[in-house]
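Worksheet for the structure shown next.
Counting starts at 1 for both ligands and their atoms, in listed order. One-based numbering along the sequence shown.
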Amino acid sequence: MTSPSPAADAESVRALFVDRFGRPPEVIASAPGRVNLIGEHTDYNGGEVLPIAIARRTWVAAGRREGDREPTLRAVSATHPSMGTSALRTPTRSGDWWDYLTGVAAPLVTAGESYTSLDLAVTSDVPAGAGLSSSAALEVATALAVAGVLGVPLPLEEAAMTAWRAETGFVGVACGIMDQYASALGRAGEALHLECDTARYDYAPFADTLLIFDTAIPRSLRTSHYNERRAECDEALRLLRERWPALPSLAAAEPEQVLEARLPDPLDRRALHVSRETRRVRDAVAALRAGGHISRELLVGSHESLRDLYECSRPELDWVVERSITLPGVRGARLTGAGWGGCAIVVGEEGALRDAAPVLAREYEARFALVPRLWLSSASSGARVEEM
Ligand code: ADP
Ligand code: MG
């Protein structure tokens, strides 16, 4: 399994804070990364998702600082050399990593009318840029830590929304609410069943282990298509509404309606994926609640739909899915996240996945000349304040 990972826990972040700021922090909070079990490309189509919080976390230590004329944020991270500084009352985007912290902290400081300066330290073992949402973990942990030092009550839903507003409004990444909700509200042994347009959520028991397989495909090969898909979905919904004006979202369309509408290719395939995928989420939740598992049919069905209808897979991801399901004790596998690279999940029992990991890693590297990263995880706890 991939590691060694950087030290990331309450002690490491406390030590970093003391080392860089010369006094102990007042609050430490942590928040996990996430992975989506099923429900891909449904979030921006009014559909449902089923993420879990993973066993990798980001830790933020916070303390107030007196004496500045203008409230200022200073931030350090164990994984980034430079100390970030930004004004909290009139924040501007730096394009650097501490924007995630500024975007969260500035509105909390202004809303609380507490014009204090803040020092923040970060440690994390969530791999950044792998699609496990290190950005949401960073934002959510920051929200809890900053609210803690300011004495502002911040329920977890509010922490998620503060984090989401920072990412979309301040950092400028057009993402749905899934990542921040999963990081804030994930629970050990449970998956979060989230309706993305209403933010209604509930939980389903999830006791399986996952092997998270990062394909290590460079990011430069992964961009561009996402906006194209979003535009295709908008157009598909527009055409469906010519016939069914009351249709609230693309995910709300029944598969039969999509087929009946005879949309032009590829809009018909995009719409069919979204419609069926949201129903697969419901089937998965029903199976988990009945004491069962998410079946191979659902997992591989989701993958094949992403491959053939949504066209967001790649040969590397297809290989991971096809190869892993031939291994003993593997229940199913699929790409997770937006696709075109990033991660796949392999689902099954822990012992089987421990055995599968080195086989998959070795064969993948030999075949694609890429060194994958693999992590075992189960559904873990969401964000929390560690110490006050
Ligand atoms: P993902 O959320 O999939 O990991 P993103 O591009 O959304 O990828 O977020 C990664 C970015 O978040 C990093 O480039 C960095 O700016 C910031 N980030 C995440 N974790 C940390 C950390 N521990 N310290 C500093 N910055 C971090
Ligand atoms: Mg992110």
Query raised in the report: Any idea which protein heavy atom is nearest atom 11 (C) of ligand 1, and the distance to it?
Result: Y100 OH, 3.7 Å

Report summary line: Within the 2.8 Å cut-off the protein N, O or S neighbours of the Mg ion (ligand 2) are S135 OG

Query raised in the report: Which of these passes side chain to side chain contact (heavy atoms under 4.5 Å, CB included) with T42: V49, L250, L50?
Result: V49

Requested in this report: For atom 7 (O) of ligand 1, state which one of S135, A128, A136 supplies the nearest heavy atom.
Outcome: S135

Requested in this report: Kindly indicate, with the supporting measurements, whether the criterion side chain to side chain donor-acceptor pair (under 3.5 Å) is fulfilled by E254 and S275.
Outcome: CA-CA 6 Å; E254 294 294 333; S275 170; 5.7 Å; no

Query raised in the report: Salt-bridged, R384 to E386, with N to O below 4.0 Å?
Result: yes

Query - Region of S134 engaging ligand 1 - heavy atom pairs below 4.0 Å - result: both

Query raised in the report: Within a distance of under 4.0 Å, is there any protein heavy atom near atom 14 (O) of ligand 1?
Result: no

Query raised in the report: What do you reckon, does G129 have a nitrogen or oxygen under 3.5 Å from a nitrogen or oxygen of ligand 1?
Result: yes

Query raised in the report: Less than 4.0 Å between a side-chain N and a carboxylate O, is that true for D208 and R331?
Result: yes

Query raised in the report: Taking the inter-plane angle between the rings of Y364 and W319 on a 0 to 90° scale, is it parallel (under 30°), tilted (30 to 60°) or perpendicular (over 60°)?
Result: tilted

Query raised in the report: Centre of F170's six-membered ring, under 6.0 Å away, within 45 degrees of the axis: is that where NZ or CZ of R93 sits?
Result: no

Requested in this report: With heavy atoms only and a cut-off of under 4.0 Å, state how W98 meets ligand 1: side chain, backbone, both or neither.
Outcome: neither

Query raised in the report: Which heavy atom of the protein is the closest neighbour of atom 6 (O) of ligand 1, given with residue, atom name and distance?
Result: R219 NH1, 3.3 Å

Query raised in the report: Do the rings of Y203 and Y201 sit parallel, tilted or perpendicular, given the 30° and 60° boundaries?
Result: perpendicular

Report task. Under the side chain to side chain contact (heavy atoms under 4.5 Å, CB included) rule, collect the residues that match up with D119, sequence neighbours excluded. Result -> F17, F21, R23, R65, R74

Query raised in the report: Applying a strict 4.0 Å limit to heavy atoms, is L138 in contact with ligand 1?
Result: yes

**Report entry** Atoms in ligand 1 flagged as close to T79, the criterion being non-hydrogen separation under 4.0 Å
**Finding:** 22 (C), 23 (N), 24 (N)

Query raised in the report: Counting N and O atoms only, with roles assigned by atom type, does the side chain of S302 sit under 3.5 Å from a partner on the main chain of L298, one being a donor and the other an acceptor?
Result: no

Requested in this report: Run down the list G337, G131, S124, C175 and name the one with the heavy atom closest to atom 23 (N) of ligand 1.
Outcome: S124

Requested in this report: Number the atoms of ligand 1 from 1 as they appear, then name those within less than 4.0 Å of a heavy atom of S77, with their elements.
Outcome: 22 (C), 23 (N), 24 (N), 25 (C)

Query raised in the report: Are E316 and R367 close enough for a salt bridge, meaning some N to O gap below 4.0 Å?
Result: no

Query - Check ion pair R307-E311 (N to O, under 4.0 angstrom) - result: no

